[in-house]
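This one's a predicted model, so the numbers in the text were calculated from it and none came from an experiment. Indexing begins at 1, ligand by ligand and atom by atom, following the structure's order.
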Amino acid sequence: MKKFAAALACLCALLCGSCAFGDDKPLVVGFAQIGAESGWRTAETDSVLSAAKELGIDLKFSDAQQKQENQIKAIRSFIAQGVDGILLAPVVETGWEPVLNEAKKAGIPVILLDRGIVTDDDSLYVCKITSDFVFEGREAAKWVVKELNGKGNVVQLQGTPGASAALERQKGFEEELAQHPDVKILESQTGDFTMELGKQVMEAFLKKYGKDIQVVYAHNDDMGLGAVQAIREAGFKPGTDIKVITIDATKHAFQAMVDGDINAVVECNPLLGPLAFETLKKAIAGEALEKWIVQKDELFEMSQAAELIGLRKY
Ligand code: GYE
């Protein structure tokens, strides 16, 4: 009987090309997600979960509720469980060295998903898969300059303090506006990438500056959608009295463009699941990879929204 089983195992190994019975273990991957602060992030989570399912990957998912300490704990637990790889969406840019060193010592490759980190030691992660946030900010600024004919007032709703997506969207925007001194940023404040805080901050801006505000630049759709509510409640017409430009280009924001409430959006692709796993598999196989795998984005205006909304995938 034993001999028969061994022969069967050998035959099977030959036919399947794998070495032994039961060796076809699924890849185990930990995903340290930031939270569920925005429609964009929910779309990203769905993309990663469904890609994992499709590829037969055993995914350990952790939602850190926007707290770095929770992400660090999640990574430590992934290391303890001996995962094959880690996807990290870093809520802020700094403070990752200790835990990433632990992953490195354990020989576990880490891929940064959707935001970057700042470190002197590039060997702590395999690569980052993100959009170019400086480019996004610059595109938004160019649109604002065009819309205001080179003169007017803007307020800025910033993303999470310390997040690469917020810092770089601000950098690109302000660098571009520096060339147009008659376009003034009245004030910038964080709305933490959420609709609720975006609305609150906009309410405060409206109290302070009223109709002096001509354009709102929001680092993501959710804060922009919150600002739209605040503008309406203050008795103004969003999209007309006060123009709104946001980043992400979710269906929700496209609908707001169709409705005339948002004037323009800069795209940021959240559908990163398939690419993340493809890249991680390459990393595990020891293939050399680009340090930054950049996602290409474009700007859409209100006039294009009705035609394109049906094509939007998130
Ligand atoms: O734009 C925002 C989210 O990190 C690129 O985070 C991501 C940003 C996205 O909460 O909506």
side-chain hydrogen bond (donor to acceptor under 3.5 Å, both in side chains) against Glu196, all qualifying residues, sequence neighbours excluded: none

Any protein N or O within less than 3.5 Å of an N or O in ligand 1? List each pair with its distance, or say none.
residue: ligand 1; atom: 1 (O); partner: Arg169; partner atom: NH1; Å: 2.8
residue: ligand 1; atom: 1 (O); partner: Arg169; partner atom: NH2; Å: 3.1
residue: ligand 1; atom: 1 (O); partner: Asp248; partner atom: OD1; Å: 2.6
residue: ligand 1; atom: 4 (O); partner: Arg41; partner atom: NH2; Å: 3.1
residue: ligand 1; atom: 4 (O); partner: Asp114; partner atom: OD1; Å: 2.6
residue: ligand 1; atom: 4 (O); partner: Arg115; partner atom: NE; Å: 2.7
residue: ligand 1; atom: 6 (O); partner: Arg41; partner atom: NH2; Å: 3.0
residue: ligand 1; atom: 6 (O); partner: Arg115; partner atom: NH2; Å: 2.9
residue: ligand 1; atom: 10 (O); partner: Glu37; partner atom: OE2; Å: 2.5
residue: ligand 1; atom: 10 (O); partner: Ser38; partner atom: OG; Å: 3.0
residue: ligand 1; atom: 11 (O); partner: Ser38; partner atom: OG; Å: 3.2
residue: ligand 1; atom: 11 (O); partner: Asn220; partner atom: ND2; Å: 2.9
residue: ligand 1; atom: 11 (O); partner: Asp248; partner atom: OD2; Å: 2.7

Can you tell me which residue pairs pass the ring pair (Phe, Tyr, Trp, His ring centres under 6.0 Å) test with a partner in residues 24-46, sequence neighbours excluded? Phe31-Phe61

Closest heavy-atom pair, Lys199 versus Ala230, reported as atoms and distance to 0.1 Å, is O-CB, 3.7 Å

Does any N or O in the side chain of Asp58 come within less than 3.5 Å of the main-chain N or O of Val28, such that one atom is a donor and the other an acceptor? no

Shortest non-hydrogen contact from Val183 to Lys151? CG2-N, 3.9 Å

Going by ring pair (Phe, Tyr, Trp, His ring centres under 6.0 Å), name the pairs with one or both residues in residues 98-124, residues two or more places apart or in two chains. none

